[in-house]
Every structure is written in structure tokens, then in C-alpha cells.
Amino acid sequence: MKKIWNQYSYAITLIILSCTFAIFLSLNHHSDEQYVKVTISEGDTLWKISDQFEGQHSLSHKEFVSWVKKHNENIKDQIYPGEKIVIPVSKKESSEPTQLASAPKE
């Protein structure tokens, strides 16, 4: 066992660090997402809802629809008025413009 460790210690260490880093990234990946509960209105479709919230998520329409179907229990191909569904939205950065301070002119 010691011989194997001496020959492959760098590779084993690199694999362990890579796995740890991958797990850390996968856990933090979801921290950028928030969820909003939406009540379905007459005439709504998942595609239309994706359009309405387009600036608030980074998914394509197809990815958005797949995400909603996967994360909502009773959603298949039809949605009905009055149903409540959860949709993904990204956290917004501060929308206030940054102002630079300047020193008073003498």
C-alpha cells in the first residue's frame, strides 16, 4: 500500500481535491437561484410565463418549461387557471447605478 501511495500520491491528492471542489460547486450552484410562486390565469401557458419572466431567469424557453414540469408535482402538459406553480428566477444585483464620489475642486 505504501508503494502505491508513493507512486500515485499526487494523482490521488488531485482526484480528492477535484471531487471536493466539484461537490462544493454543485452545492453553491443553486444559491444564485430564487423561486417565485405564480398563480395560473386563464389563457396562460408555460411558454407564455417563460416569456413574461424572461429577464428574470437565464433559461431558454424549452429549459424553463422542463424545469417547471420537473419541480412542480402535478404539472404535465396542461396547466389550469387557479393552479399555483413555482418558477425559477435569478437573484438580481442592485439595480441602483453606482455613483462615483469626487473630491471638491479648489
Distance from [X] atom [atom1] to [Y] atom [atom2], nearest 0.5 Å?
X	Y	atom1	atom2	value
S66	H71	OG	NE2	11.0 Å
S50	L59	OG	CG	7.5 Å
E83	D44	CD	CG	11.0 Å
N72	I85	CG	CD1	5.5 Å

(request) Not counting sequence neighbours, which residues clear ring pair (Phe, Tyr, Trp, His ring centres under 6.0 Å) with F64? List them please. (result) H57
Could you work out, with side-chain contact (heavy atoms from CB on, under 4.5 Å) as the rule, every residue matching [X], not counting sequence neighbours?
X	answer
T45	W47, K48
K69	L46, V65, I75, D77
K62	S60

(message) Is any side-chain heavy atom of Y80 closer than 4.5 Å to one of I40?
(response) no
(message) Measuring only between side-chain heavy atoms, which start at C-beta, is K70 closer than 4.5 Å to W67?
(response) no
(request) Under the side chain to side chain contact (heavy atoms under 4.5 Å, CB included) rule, what do I87 and F53 come out as? Steps first, then yes or no, please. (result) CA-CA 9 Å; I87 63 168; F53 289 88; 3.5 Å; yes
(message) Taking atom CG as the centre, does L17 end up with more than 12 heavy-atom neighbours from other residues, nucleotides or ligands that are less than 6.0 angstrom away?
(response) yes
Distance-only donor-acceptor hits, side chain of residues 5-15, under 3.5 Å, sequence neighbours excluded:
residue : atom : partner : partner atom : Å
N6      : ND2  : K2      : O            : 3.3
T13     : OG1  : S9      : O            : 2.7

(request) Using side-chain hydrogen bond (donor to acceptor under 3.5 Å, both in side chains) as the criterion, list what pairs up with D51, not counting sequence neighbours. (result) H61
